[in-house]
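To start, the structure under review is shown below, and the notes come after it.
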Amino acid sequence: VPTSVLAPSFPIARHTLGNGLKIVVAPDRSAPVVAVAVHYDVGYRSEPEGRTGFAHLFEHLMFEGSESLPKLEHAKLIQGNGGQFNGSTTPDFTNYFEVVPTGAFELMLFLESDRMRSPVITDHTVSNQIDVVKEEIRLNIMNRPYGGMQMIYLPPIAFKTFNNAHNGYGSFVDLESASVVDAKDFWKRYYAPGNALLTIAGDVDPDDAIALAEKYFGDVSKRAVPKRADFGEPVPTSERRDTHYDAMSPTPALVVGYRTPNAITQLDDYAAYYLLVQILAEGESARLYQRLVKTGLVTAMAGFIGPFDNWLDMRDPVLTNVLAIYPPGGDPDIILGAIDETIEQVQGDLDDDELERCRIGATSRYLRATDSVMNRALTIAPLEQQRGRAELINEIPAALARVSVADVQAQASQWFEPTQRAVLDWQPGAPA
Amino acid sequence: MSPRTQPPVVDTKPSKLPAVSDTTLANGLRVLAARKPGIPTVQVRLRFDVAQGRNFDDGVLEDIVSSTVLAGTATRSQSDIADEMQRIGGDVGCVVDADSLFLSAACLATELPRYLSLLVDVVQNAEYPEEEVALAKAQTEQGIAIMHSQPSAIAQYALAERVFPGHVYGRPMPTPDLVAPITRAAVRKFHRATTKPTGALLTLVGDLPPAKMVKAAEKALAGWMGTRRIAKTPKPADLTSGPIRIVHQPGAVQTNIRLGGIGIGRSHPDFPALTIALTILGGGFTSRLNHNLREDKGYTYGAFAGVSHSAAASSITVGADVQTSVTAPALVETFYELGRMATSPVTDDELAAAKRYLAGNLAMATETQSGLSSYVTSLAIAGLDVSYLRALPAAAAKLTLDDVAAASAQYVAPALLAPVLVGDADAISAAVGRIGEIEVVT
C-alpha cells in the first residue's frame, strides 16, 4: 500500500494568443537555462498515401531557413549562443526544441516564430534533405541489425489502415518524389499557429515569457486549423502474424504488439496498464525477464509502450511492443506460449508488494526524466496538446499510486489475449 | 516579407558551482559529495581502477563481470537484488573496460542508506553463481555475434585497433570462441582483485546535504576493508602512419568513415585550444564537417569530431556514415576540412561562437544530478575538480586565432590521423585507392 507519493510540483501558467497559438510556461529559476519547444499537432500518422515519410522530411526542412534567417543561421544562432537543439517526428506530433542560457531565451522565440510564420523552402533544400533523410534511414534501419523492428515492421501487421500501418520514415520512392509545392501545402495545412503549442520551461518569469511570446508570435497569421482525424481501429479478434527477413541480423527475433486502453480518455486504466508493462518487462526482476531470459529461452528482451518508448506522447491507437532476440533454431511459438503463461500468472497471482516496488521504480525513473528543463518541456507538451492538462506532469505519480492489484489484473485480462496480438517473426537471411 | 531584426542576446551569469566535499574514509575510499536540489533522488557512481593484472585478452572476461556482478551475493539472489533495487527507486548499470569497473546508479534520496548497503554487499560479496555465469556466457556469445553485424561497433573497434595497436585500448572486437574458456573462478578472481575500497572513488550527487551523504556512506561501508596495489595503464605508443584501412563488409549500403588520432588530456595546456578547434571542425550541427558533408552535399546524416579520455591516453575521432557510392568524395571532403583547419586560420565569428558553445554546453551538461555526478567523477579521475567547469571556458575565452591554428596543426592535421573505412571494399576500393594507398582487411 503506497505510504507516500513522491511527485514534482512544477508551477504551470498558460495562455492562448489571438491567432490560436497555445502557450504553456513551467518556470524554474534554479539554473540559468531555458528550454523552448514548439509542438505541431501533426505527425506521420497524418501523411497521405504516396507521401510516406513526408512529416519527417518536413521537420528537416524547417531547419533550412526562414524569412529572416538564411540556411544554417537558425542552428548557428542556437549553438553560437551556447545552446542545443533538435526536432523529432512521432505518430501524432512534430516538435522542435532548444535549450539555451537564459540570456538567449528571447532570441529563441524569434527563431521559432520566424519559421512558424514563414519557412523558406527551395529546390536545393528539398533535394539536399531528401539525401540526408535517406542516409538517416540507411544508418538507423538498413545498415543496422534488427533495425526498425517495432517502428517500421510491426505496425503493418498490427494495423489495417494506412495511417497506422505505414512506414513513418517513408519509402525512398515517396521521398524522392517530394517537391517544394508539397512542402508549402503541408505547411499551409498543418503548421497554422492554432495547430501548435509553445512550451517554455526553466529560468523565466511566466508573465514576461508570455508577453515575449505575444511579441514574437502575435503577428503570425491566423489560419484554419485542420480537423484532427480519428485514427482509431478495432482491436484484432484473431492473431495477425507475418515474417520479415533481415540479412544483417545473425539470429532470429520476435516482436509482439498488443493494444492498450485509450491513452487520452482512459488515463486511469492506462496508468494501470503502464504498471502492468513494468511488472512484465522493466528490469531484471520483471516477470518476462525471469521467464524468458533467465531460462535461456531468449538472449535479450525488452517491453515498452509506443514505438519510441513514449507512453505519454500518443493518442489511440497505441501498441505495446515486446521484443525478444533468441538463439538460432528457437521456436517462436514456444516463446509466445511462455509470454501467454506469464500473463496468466499475473492475472492469478500478483500482490501489493510487487506492484508497490514496480510503482516506486517507475516513479523514480519518471522523476529523473524530468530533471532537465529540456526533458521537462518535452514531457509537458503532449500532456497539454493531447490532453489539455500540462499539470498532469505533477499528477502522474499519484495516478500510478491509485492503481490496485485488481486494476492491473483487469488490464492483463483485457488486452493480452493471443487473439488480440500482432506477431512479427524476424528471421535472419533471405526468404527461401 | 523582409528580414526582421533579431533581439540581442544578454550575457547569462552562470549558476554557482556546487560545493563538493572530498573525504577519504578510514577504509581508503575517496568520497565526493555534492548537493544538487531539484528532484528527490541521489546519483551514485563507484569506480575501481582495474589496471593491475589486466590482460590484453580480458575483454570478454570484463563483459561477463559487468553482466553478472548483480547476479547474487552470499545472502541475496539475483532477483532479491533486482527487487530491492526497484523498491528503493534504484537503477544500476555496470561497465567494465580496460581501465575500470564502474557502477553507475541512482536511487530515491530517502533510500540512500539502504542503497549503499546493497551496493557494498554487491562489491564485497558478489558470488557469480555458476548458473548465472553460464547464462551470461550464452548471452555474451550471441551478443558478440550481433556486434559483428553492427557497422558502428565494427568501426569503433577497428579504429581503436588502428590507433592503439597491441595496447589494451586497441583490442580487436572479441570473437564468440573467447567465451567458452571463461570460468566462474576467473570472474570471481577478477572481481575480488578489483573491488577494494582503497583507491576507489564514490561520488554522491543529489538532493541531500553532502555531510549527510558522507555520513551515510561511512555508516554503510564501515565493514568494507581491503587494499591493493594500483598499477597504471601503460601509455600507448605514438600513432604510426600507414595506408587507408578498409574493413570489408560485403554489400554494405553505407561506409563508416573514421579517422583517429592521439589527443591530449583535460589538464594539458593545449586542451582548451584543441577543444575549440574540434568544435569548429566537427562539434554540433553547425560545424564545418557537418555543413560540408550534410548540409551542402547530402552525403551523410551527420559528421562529427571530438576527443574522449581514457586513463592513459586521449583519442581524437573524426567521422561520418555515408552512402557507399559517395565514399571517396566524402573522404576527400573530410581531408579537405582537416587540412583547412591545419593550414588556414578559422574566422573570428567561428572562434567566438565556439567559445560560447563550449561554455553553454558545460552549463547544460551539469544542470542535472546525473550530468553533474558524471562530471564530478570524470574530473576527479583526471586529477581535477569542479572548478575546472569555470576554468575551461575561461581559458577558452582568452584564445586567439593563432592559438587555435597552432592546436589544429599539432593535433588534427590530416597527416596525424589514421583513416579507417568500414564498408563494401568491392564497391569503394577503386575510388578510395585514387586518394591514397589502401589496405583491405576482413
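Everything quoted here is computed from the prediction, not taken from an experiment. Naming convention: chains lettered A, B, ... in sequence-line order (proteins, then strands); numbering from 1 in each chain.
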Under 4.5 Å, heavy atom to heavy atom: which of residues 134-141 of chain A reach chain B? Give them by number, or say none. A:E135, A:E136, A:R138, A:L139
Correct closest heavy-atom pair for A:L6 and B:P40 would be CD2-CG, 4.1 Å
Applying side-chain contact (heavy atoms from CB on, under 4.5 Å), name anything that partners B:V326, two or more places apart in sequence or on another chain. B:Y299, B:V322, B:Q323, B:P329
Okay, B:T5 and chain A: the region with an atom under 4.5 Å from a heavy atom over there is backbone
So for A:Y326, is it side chain, backbone, both, or neither that comes closer than 4.5 Å to the heavy atoms of chain B? backbone
Chain A contact via B:Q142 - which portion, at a heavy-atom distance below 4.5 Å: side chain
Suppose the criterion is salt bridge (charged side-chain N to carboxylate O under 4.0 Å, His left out): which pairs have a residue in residues 80-91 of chain B, not counting sequence neighbours? A:D353-B:R87, A:R357-B:D83, A:R368-B:D91, B:R76-B:E84
Pair B:V10, A:E106 - check side-chain contact (heavy atoms from CB on, under 4.5 Å), show working. CA-CA 9 Å; B:V10 188; A:E106 190 172 341; over 6 Å; no
Start with the C-alpha gap between A:Q290 and B:Q78, add the side-chain angles, then the distance that decides, and say whether side-chain contact (heavy atoms from CB on, under 4.5 Å) holds. CA-CA 10 Å; A:Q290 292 290 328; B:Q78 182 264 347; 3.1 Å; yes
I'd like to know if B:R4 and A:D219 make a salt bridge, using a cut-off of under 4.0 Å between side-chain N and carboxylate O. yes
Heavy-atom contact with chain A under 4.5 Å, split by part of B:E350: neither
Test A:I78 against B:F285 for side-chain contact (heavy atoms from CB on, under 4.5 Å), laying out the working first. CA-CA 10 Å; A:I78 297 172; B:F285 193 86; over 6 Å; no
Does B:Q156 have more than 12 heavy atoms from other residues, nucleotides or ligands lying within 6.0 Å of its CD? no
Side chain from CB out, backbone as N, CA, C, O: work out which of these in B:K355 comes under 4.5 Å of a heavy atom of chain A, or both, or neither. neither
Heavy-atom distances under 4.5 Å only: say whether B:K13 touches chain A with side chain, backbone, both or neither. backbone
If I take atom CD from residue B:Q369 and atom OG from residue A:S372, how far apart are they, to the nearest 0.5 angstrom? 11.5 Å
Best-contacting candidate, A:M142, A:R365, A:Q129, against chain B by heavy atom pairs under 4.5 angstrom: A:Q129
Would you please name every residue forming a side-chain hydrogen bond (donor to acceptor under 3.5 Å, both in side chains) with A:N143, sequence neighbours left out? none
Is B:Q43 close to chain A through its backbone or its side chain, or both, or neither, when contacts mean heavy atoms under 4.5 Å? side chain
